[in-house]
J.: 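Attaching a single structure in C-alpha cells format; questions to follow.
Computed over heavy atoms, backbone and side chain alike; hydrogens, waters and symmetry mates excluded. The shown structure was predicted, so the numbers you read here are calculated from the model rather than taken from an experiment. Note that ligands are numbered from 1 as they come in the structure, with each ligand's atoms numbered from 1 the same way.
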Amino acid sequence: MASDQSGPYQVAVGQVQRVGGMLGLDQGMIDLLSRPKRELTVNFPVTMDDGTIKVFTGFRVQHNFARGPCKGGIRYHPALTLDEVRALAMWMTWKCATVGLPYGGAKGGVICDPKRMSPGELERMTRRYASEIMPIIGPHVDIPAPDMYTNAQVMAWIMDTYSMNVGYSVPGIVTGKPIPLGGSKGREEATSRGLMYCVREAMAVEGLKRAGATAVVQGFGNVGWNAARLLKDELGLTITALSDSSGAILDKAGLDPVSVYEHKQRTGSVLGYPGATEISNEDLLEMECTVLVPAAMENAITSANADRVKARIVAEGANGPTTPEADLVLDEKGIMLIPDVLCNAGGVTVSYFEWVQDLQFHFWSNAQIRDRLNEIMTYAFARVYATAGAKEVDMRTAAYLLAVGEVVQATKLRGIYP
Ligand code: GLU
C-alpha cells in the first residue's frame with residue numbers, strides 16, 4: 001500500500017491496484033488503468049513585463065477516454081509536478097464515472113507562481129500554453145476547466161486562443177468560462193454546491209441534526225469559501241473555523257463567510273478578521289465539529305494527524321486531501337469520509353452542463369442547473385452509500401469499486417483495438 005510519504009501518483013496507482021484486486025481484474029487491465037493514456041510536457045517562452053524571456057514548463061495528461069472525451073482542470077502552482085498531474089488526471093476518470101458523466105479524466109497545469117505575475121504575464125503565459133497543448137485538446141477530445149489558481153478569465157483566454165487558431169468561436173473547448181462567452185450559470189459555486197448536497201445526504205444517513213451542527217473549512221479559495229457560505233446559508237451549519245494559506249481563524253459563535261471573504265479581498269488573507277482568534281492550520285484540522293471540509297491541497301489528513309480528527313463527517317473539497325493510511329484511521333474511528341471523487345464532483349458536473357449547453361447553443365436557467373446538480377449528486381451519494389453498505393467497505397472504496405468497474409466495462413465493450 002502507498003504510504004503517507006508516497007507521491008500522489010503512487011497513491012493513485014495503489015488505489016487502483018487495491019480495487020482492481022477486489023474486482024478480480026487481470027493484471028493487464030490493472031496496468032492499463034494505472035497508466036495515463038497520453039501525456040504531453042511543453043517548455044515554452046514567455047516575454048515578461050521587464051522584457052526578459054522566461055521559459056515555463058506545462059503539462060497535459062489524459063488518463064483514460066474509454067467512457068468519452070477527457071475532462072479536467074488546469075492548475076497553476078509553483079510546486080506542480082508531472083506525477084501530481086498524472087494522479088489528478090486519474091482521479092478525474094474515477095470522478096466522472098462516480099457521478100455518471102460521459103467523460104474520461106485529464107489534468108493539466110503550468111509550473112508558475114501566479115501570485116507573483118502581472119495580468120499581462122499571466123495572459124501571455126496562458127495563451128502560449130494553450131497553443132502548445134492545442135494538438136491534443138478539442139471540444140470532442142479533451143476539455144480543460146479551472147483548477148487551483150486558474151479562473152474564468154484564464155478560461156476566456158484559452159477559449160479565445162483556440163478559436164483564433166481554428167478561425168471560428170469554439171465555446172465548448174473549455175468550461176468554467178465567463179457567462180457572456182458561453183459559460184454556465186452556477187459553475188463558479190458548483191463544486192461547493194455539490195459538496196453541500198453530499199453533506200446534507202451524509203448528515204441524514206448518519207442521523208445528525210442540522211440545528212447546532214458545526215463546520216470547519218480548510219482553504220478559502222473558490223471551493224472553500226463557497227462551501228462555507230453554502231453550508232451556512234443552505235444547511236444552517238455554524239462555521240466555527242476557516243483558513244487560507246496564511247493561517248486559520250476561529251469563532252465558536254460562528255463566522256460569516258461573506259464578510260470573511262470581503263476581509264480577505266481587502267487585506268489578502270483571512271487573518272486579522274475582527275472578533276476571531278488566530279489558530280494554526282494543524283489545530284483547525286483537529287477541531288471538534290460536525291463536518292470538516294479539507295478544501296486546500298493534497299495530504300492535509302495523514303497518519304500524523306488522522307487519529308486527532310474529531311469531526312463526524314469529512315467532506316473532501318480538495319482532490320486527494322486524505323492519505324490512504326489516514327483513510328484507515330478515520331474509518332476505524334467511525335468517521336464518515338465523503339471521498340473527493342464524489343464530494344467535489346459538482347464542479348465537473350456543471351462543467352458537463354456547460355459543455356452540453358455550448359454544443360447545443362442553448363442555455364439553461366439557474367434553477368435547471370441546481371435541480372439537475374441536486375439530482376445527480378443525491379443519486380451518486382445514495383449509490384456509493386449503498387455500495388459501501390453492501391460490500392462492507394468505506395465510502396472511498398465503494399466509489400472506486402463503482403467507478404473502476406464502469407471504466408472496465410466500457411473498455412471491455414469497446415474491445416482492444418485492432
Ligand atoms: N478542476 C475541477 C476538478 O478537479 C473541475 C474539472 C472540470 O470541471 O473539468 O474536479
J.: Looking only at protein heavy atoms, identify the closest one to atom 3 (C) of ligand 1 and say how far it is in Å.
T.: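 Closest protein heavy atom to atom 3 (C) of ligand 1: K95 NZ, 3.3 Å.
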J.: Are D394 and L337 packed together at the side-chain level, in the sense that at least one heavy-atom pair is separated by less than 4.5 angstrom?
T.: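 In short, these two side chains do not touch, never coming nearer than 4.5 Å.
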J.: Show me the pairs that pass side-chain hydrogen bond (donor to acceptor under 3.5 Å, both in side chains) and involve residues 403-414, at least two apart or across chains.
T.: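 For residues 403-414, and leaving out neighbouring residues, the side-chain hydrogen bond (donor to acceptor under 3.5 Å, both in side chains) pairs sorted by first residue read R383-E406.
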J.: Are side-chain N/O atoms of K71 and T175 paired as donor and acceptor at under 3.5 Å?
T.: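 The answer is yes; a qualifying pair exists.
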J.: Hydrogens and angles aside, do N299 and T302 bring a side-chain donor and acceptor to less than 3.5 Å of each other?
T.: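 The answer is no; no qualifying pair exists.
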J.: Less than 4.0 Å between a side-chain N and a carboxylate O, is that true for R124 and D49?
T.: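 Yes, this pair counts.
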J.: When you look for heavy atoms under 4.0 Å from ligand 1, do you find them on the side chain of N319, its backbone, both, or neither?
T.: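 The part of N319 near ligand 1 is the side chain, not the backbone.
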J.: Taking only heavy atoms of D147 into account, list the atoms of ligand 1 that are under 4.0 Å away from them.
T.: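 What qualifies from ligand 1 is 1 (N), 2 (C), 4 (O).
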J.: I need the nearest protein heavy-atom contact for atom 8 (O) of ligand 1: residue, atom name and distance, please.
T.: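 Sorting protein heavy atoms by distance from atom 8 (O) of ligand 1 puts S351 OG, 2.5 Å first.
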J.: Could you find the nearest protein heavy atom to atom 5 (C) of ligand 1 and give me its residue, atom name and distance?
T.: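 Here the closest protein heavy atom is R187 NH2, 3.6 Å.
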J.: What orientation do Y149 and H77 show, parallel under 30°, tilted 30 to 60°, or perpendicular over 60°?
T.: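 Correct class here is parallel.
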J.: Start with the C-alpha gap between V404 and L33, add the side-chain angles, then the distance that decides, and say whether side chain to side chain contact (heavy atoms under 4.5 Å, CB included) holds.
T.: CA-CA 8 Å; V404 173; L33 300 177; 3.7 Å; yes
J.: For atom 4 (O) of ligand 1, find the nearest protein heavy atom and state the residue, atom name and distance (0.1 Å precision).
T.: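 For this ligand atom, the closest protein heavy atom is K107 NZ, 2.9 Å.
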J.: Please confirm whether M92 comes within less than 3.5 Å of ligand 1 when only nitrogen or oxygen atoms on both sides are compared.
T.: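 So ligand 1 has no N or O lying under 3.5 Å from an N or O of M92.
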J.: Heavy-atom contacts with G72 under 4.0 Å: which atoms of ligand 1 show up? List them by number with element.
T.: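 Taking each heavy atom of G72 in turn, ligand 1 has 9 (O) under 4.0 Å.
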J.: Does ligand 1 have any atom that is closer than 4.0 Å to a heavy atom of M148?
T.: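 The answer is no: ligand 1 sits nowhere under 4.0 Å from a heavy atom of M148.
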J.: What distance do R187 atom CZ and N222 atom CG have between them, rounded to the nearest 0.5 Å?
T.: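 Going from the CZ atom of R187 to the CG atom of N222 covers 7.5 Å.
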J.: Can G176 be said to touch ligand 1, with heavy atoms closer than 4.0 Å?
T.: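 It does not, in that no heavy atom of G176 comes within the 4.0 Å cut-off of ligand 1.
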J.: Can you label the angle between the W355 ring and the H140 ring as parallel, tilted or perpendicular, going by 30° and 60°?
T.: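 Ring orientation of W355 relative to H140: perpendicular.
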J.: Suppose we measure from atom 9 (O) of ligand 1 to each protein heavy atom; which comes out shortest, and what is that distance?
T.: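 Checking every protein heavy atom, the shortest distance to atom 9 (O) of ligand 1 gives K71 NZ, 2.8 Å.
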J.: Give the residue and atom name of whichever protein heavy atom lies nearest to atom 7 (C) of ligand 1, and the separation in Å to one decimal.
T.: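 That would be A145 CB, 3.3 Å.
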J.: Is the contact between P146 and ligand 1 made by the side chain, the backbone, both, or neither, using heavy atoms and a 4.0 Å cut-off?
T.: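 P146 to ligand 1: backbone contact only, side chain stays beyond 4.0 Å.
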